[in-house]
Amino acid sequence: MFGRDPWGGPLEISNADSATDDDRSRDLDRAALMRQLDETQQSWLLAGPGDQAGKKKKKYVDLGCVVLDRKIFMWTVGTILGLGVFIGFIMMIVKLVPHKRPPPPPPDQYTQALHKALMFFNAQRSGPLPKHNGVSWRGNSCMKDGLSDSTVRRSLVGGFYDAGDAIKFNYPMAWSMTMLSWSVIEYKAKYEAIGELDHIKELIKWGTDYILKTFNSSADTIDRIVAQVGLGDTSKGSSQPNDHYCWMRPEDIDYKRPVTECHSCSDLASEMAAALAAASIVFKDSKTYSDKLVKGAKALYKFGRLQRGRYSPNGSDQAIFYNSTSYWDEFVWGGAWMYFATGNNSYLTIATAPGMAKHAGAYWFGSPNYGVFTWDDKLPGAQVLLSRLRLFLSPGYPYEEILRTFHNQTDNVMCSYLPLFNSFNFTKGLIQLNHGGPQPLQYAVNAAFLASLYSDYLEAADTPGWYCGPNFYTTEVLRKFARSQLDYILGKNPLKMSYVVGFGNKYPKRPHHRGASIPHNGVKYGCKGGFKWRETKKANPNALVGAMVAGPDRHDGFKDVRTNYNYTEPTLAANAGLVAALISIADIPTGRYSIDKNTIFSAIPPMFPTPPPPPSAWKP
């Protein structure tokens, strides 16, 4: 038998069973001697111990999966570390060396107009003005409001003048504060991004501080509230100076300003409650002030519910200028805001009572003014607000049925705003929500706000649109409508003029406004002395920046005439709607959703009880 010889030659192995180990060993030796060695084997045998020791032994690095020469390994590691240090050094230089960043994109026209629209509220402030008010031609005014009235004798200093006069109408003023607060609750991140959050919060607080003065805000139960400071009725031929009879700067007023109180005024009380409740959410991080607002709102809403009646009886000053047609819509609107501010289900029960909705006109779809959101009719706003509750919280029974009804009604209102349904006439761009009447812009901006806001609600609820009958419309249709109305107001109209003072190249120069029309030159013009400034055809000496005037007629015509308030007078309520609409449609990146989905619900407890904790682990 032959086997493999480790020395390279054949190896013969005896298979004899009787062979001993010694025999086998001798055979192997004999075979090895008989074999011829190759050169390598001979060199091994001839080399002495000294020769082998003289050779330098190579060093290796064992990495487990591979064995590398140590020199190669060290060179590789050093190269990698060197490259790392070099790259890090380059990156440090890039960061430390100043370089120009691309400028942010310029703000869109809605953002630019918004900055100006907020300044109108600065110009309308009454009382002692802050140093940073930013309107150079305004100063402290009407510092004795309330104190000079023998029936009240308490300070009613502060608040805002309503329009081009110096009257403080609490009904539209409260609604204006509610609208500003609503816009902050929904679009706080947008306001913050453009640097206007502190500004608008300061304006809201200016208004709510004044509202708290108009009733006993420290009491749980009240029996009266202030409806108005100043008078404007001149129809009876009286020569008694008042805020409409005279044409004076507010700073120069020296005539008596009577205070009007009411003892049964559910509409005014509920609107004031809504203003304080909404503001309490805006200021929720200032707990003391927020709690104060909530306390006042509770007293007002309670008063409104107990002492039923309209704040504007026939023949009163209130009825002439800001007449309220009903208080049922304020019950729904105010109840919704009270629920969001307190989380108390009793307010939601009131706001969603089927009888309440019926009295408020929720089922009058098809009536001429259905869906027209104003300082008088809050139902469309309440419908949108309660649709929000259903979209994001869905409280279920017993509220689901009426909330679903409000949601469907909101869909119908949005359909009515679209030109193709012919619910309202349109001029060459402007919706005629007041059916061709004067001062149309205030209604258009409110509709634009609701449409834009509702589209944001739908998108945040992952709903791409809504139905008008069998037809489906995307949320972009609502935004297109909202933009079209704001574009018209900002200059995309037949006259190619902006209806916001100070915006664009062409805008009204003669707003119907006492303070803006009389020079700020240190001369005091008395009750009749200012009329020469009212009648002049010259432009106003003081720019009423951000004021949205009343607007064009139903034929898109406009007269820049100071004496015609139906064209040129701005109002607090109109500008509040403008601000809300502009912030809602402005292209200001803030995140996935435009709105803040959750802040408005911060006071509402969990809809369903928290499940009990799991049982503890079983122990033997």
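Scope of the values below: all heavy atoms of this structure, side chains included, with no hydrogens, waters or symmetry mates.
Around CG of Asn521, the count of heavy atoms belonging to other residues, nucleotides or ligands within 6.0 Å exceeds 12. For Lys506, the NZ atom counts as densely surrounded, since its 6.0 Å shell holds more than 12 non-hydrogen atoms of other residues, nucleotides or ligands.
In the model, Arg249 has a side-chain atom that pairs as donor or acceptor with a side-chain atom of His520 under 3.5 Å. Residues Glu196 and His115 bring a donor and an acceptor atom of their side chains to less than 3.5 Å of each other. Checked by atom type, the side-chain pair Gln442/Thr571 shows no donor-acceptor distance below 3.5 Å.
Judged by distance alone, the side chain of Ser455 and the main-chain N or O of Leu478 form no donor-acceptor pair under 3.5 Å. Within the 3.5 Å criterion, the main-chain N or O of Asn133 finds a donor-acceptor partner in the side chain of Asn122. Under a 3.5 Å cut-off, the side chain of Thr208 and the backbone N or O of Ile204 do form a donor-acceptor pair. Side-chain atoms of Asn493 come within 3.5 Å of backbone N or O of Tyr488 as a donor-acceptor pair. In this structure a side-chain-to-backbone donor-acceptor pair under 3.5 Å is missing from Asn434 to Tyr443. Remark: side-chain polar atoms of Asp233 are not paired, donor with acceptor, to backbone N or O of Asp317 under 3.5 angstrom. Looking only at distances, no side-chain donor or acceptor of Asp556 sits under 3.5 Å from a matching main-chain atom of Thr427.
Using the six-membered ring where Trp is involved, Tyr567 and Phe558 have ring planes that are perpendicular, over 60° apart on the 30 and 60° scheme.
Electrostatic pairing of Glu251 and Arg138 counts as a salt bridge here, judged by a charged N lying under 4.0 Å from a carboxylate O. In summary, Asp209 and Lys205 engage in a salt bridge, as defined by a charged side-chain N under 4.0 Å from a carboxylate O. The existence of a salt bridge linking Asp145 and Lys168 is confirmed by a sub-4.0 Å separation between a basic side-chain nitrogen and an acidic carboxylate oxygen. Note on Glu192 versus Lys201: no salt bridge recorded, every NZ/NE/NH1/NH2 to OD/OE distance being 4.0 Å or above. A salt bridge links Asp243 with Arg257; the closest basic N to acidic carboxylate O contact falls under 4.0 Å. Checked for salt-bridge contact, Asp456 and Arg479 meet the test: a charged N lies under 4.0 Å from a carboxylate O. A salt bridge links Glu186 and Arg388; the closest N-O separation between the charged side-chain nitrogens and carboxylate oxygens is under 4.0 Å. Under a 4.0 Å N-O distance rule, the pair Arg310/Glu330 does not qualify as a salt bridge.
Contact between Tyr171 and Tyr322 at its shortest, heavy atoms only, is CD2-O, 4.0 Å.
The aromatic ring centres of Phe373 and Trp175 sit less than 6.0 Å apart.
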Chi angles and distances behind the side-chain contact (heavy atoms from CB on, under 4.5 Å) call for Ile200, Ser183:
CA-CA 10 Å; Ile200 192 169; Ser183 74; 4.0 Å; yes
